[in-house]
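Some notes on the structure that comes next.
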Amino acid sequence: MGGGEDDGIDDGSVVSVEILSEHDEAPPLPPGRHRTLDLRPGHGEMIKPAELIDVSGHGHLTLSDKRIYNALVANAFGPAMGERGREFQISTTLLRGSHKGNERLKDSVERLMKTIVRVRLSDGQTRRVQLLGANDLHDDERQEGIFTYSFDPKLIGLLKNSTVFGKLEIQVMMAFTSSYALSLYEAVARRHRLQHKTSEKFTIEGLRDLLGVPEGKLDVWGNLFEKAIKPAIREINGLAAFGVGIRPIKTGRKITGAELSWWNKNEDELRDAFREIQQPKVGRKARIEGRAEESTRSLQEALASLPKPKPPKW
DNA sequence: GGAGTGTACAGCTCCGGGGA
DNA sequence: TCCCCGGAGCTGTACACTCC
């Protein structure tokens, strides 16, 4: 998520969607172009319209909020998502993850409802809509924990005509431990398939928005880099099918912007990423940083230095 | 001297799970 | 399903240090 009305130096990330009136039919597309909602995600993938990735003002959302929202989008995804007044249902078990109660789910839903999507329209106006529309959480026994939800009609208007999207690997998405990593992953996922582009420049504010850093937090570049950018890059480069890098741009000595770049991984890197996703989250940071190998080696050395145990007498 | 870098530490959030 | 707990590790802040 990122981009928006206060976007970066390079305007390439700003979503520009031609909005139709409530009753308009979608205009015909040029040959070879498809509407996002007509696409079919592959196995283990989800497709997220760019309008839901380039969201401003999502700084207060936690990692689990973002995951839950992606699960709701994945569940609703398809031509039906573009129908006004359409409601969708999903089992709360799928949204809760491994946690037993619904209390966190309720909190997440309320935070998602308070999140405003800001999209710049082609006529220069900015549209503001709620990320999640009206919903019902049935938590009595007869309803078996079903969450019924809808999207704002104005948001549906955007989604119906969307042609730009990001393909997200669900396993990778679930493996992130940092919310900044998930935001950066989504932002790059929608960009890295572009053949003519492998980088994009942002202002510091644009980059903060892209990562979803709350206002007033991590104001100093050093802190932003150390606590948000570095962990996000580390996780993506360790887990995703593509690599990312962020290079600061200086004006004099002051850092005034940053260049985000991305590339496809080679076979070995892909194999490493796949292997890491299969491993438990505990110790991932160390493994990704390559420290795991070192600590394993020192452990082996320590074990080797111990006196060999005598074979048991049977 | 101003700006970036590195790091220690405290607080917070996430996550998994026990028990009612 | 809810309430609660504890551990792991993420996040934010502050400060000393380095560099230009």
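Just so we're on the same page: letters track the sequence lines, and every chain starts at 1. Below, all heavy atoms of this structure are taken into account, side chains as well, without hydrogens, waters or symmetry copies. Note that this is a predicted model, so its numbers are computed, not measured.
If you measure from atom CZ of A:Arg208 to atom P of C:dT11, you get 14 Å, rounded to the nearest angstrom. Rounded to an integer number of Å, the gap from NZ of A:Lys106 to P of C:dT1 is 10 Å. Rounded to a whole Å, the CZ atom of A:Phe176 is 16 Å from the C1' atom of B:dC14. Distance CG (A:Leu63) to C1' (C:dA8): 15 Å, rounded to an integer number of Å. What separates CG of A:Leu224 from P of C:dG12 is a distance of 10 Å, to the nearest Å. Atom pair A:Ile68:CD1 and B:dC15:P shows a separation of 9 Å (rounding to whole Å applied). The interatomic distance linking A:Ile146 (CD1) with C:dT1 (P) rounds to 10 Å, in whole Å.
An OP1 or OP2 oxygen of B:dC15 is reached within less than 4.0 angstrom by a side-chain nitrogen or oxygen of A:Arg67. Distances shorter than 4.0 Å separate some side-chain N or O of A:Tyr180 from OP1 or OP2 on C:dG12.
With rounding to the nearest 0.5 angstrom, the OG1 atom of A:Thr115 is 10.0 Å from the NZ atom of A:Lys66.
For A:Tyr149, the ring pair (Phe, Tyr, Trp, His ring centres under 6.0 Å) partners at least two apart in sequence or on another chain are A:Phe88, A:Phe147, A:Phe151. Qualifying ring pair (Phe, Tyr, Trp, His ring centres under 6.0 Å) partners for A:Trp262, counting only residues two or more places apart in sequence or in other chains: none. A:Glu269 meets the side-chain contact (heavy atoms from CB on, under 4.5 Å) test with A:Lys265, A:Asn266; sequence neighbours excluded. Here A:Tyr185 pairs with A:Phe176, A:Phe242 under the ring pair (Phe, Tyr, Trp, His ring centres under 6.0 Å) rule; sequence neighbours left out. Residues satisfying the side-chain contact (heavy atoms from CB on, under 4.5 Å) criterion with A:Glu87, sequence neighbours excluded, are A:Thr148, A:Ser150.
Closest to the side chain of A:Thr92, out of C:dT1, B:dC14, C:dT11, is C:dT1. Comparing atom distances between the A:Thr62 side chain and each of C:dC2, B:dT13, C:dT11 picks out B:dT13 as nearest.
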Between the protein and nucleotides 5-8 of chain B, list the N/O to N/O atom pairs that are separated by less than 3.5 angstrom.
from, atom 1, to, atom 2, distance (Å)
B:dT5, OP2, A:Trp221, NE1, 3.2

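Between A:Arg247 and A:Glu259 a salt bridge is recorded (basic side-chain N to carboxylate O distance below 4.0 Å).
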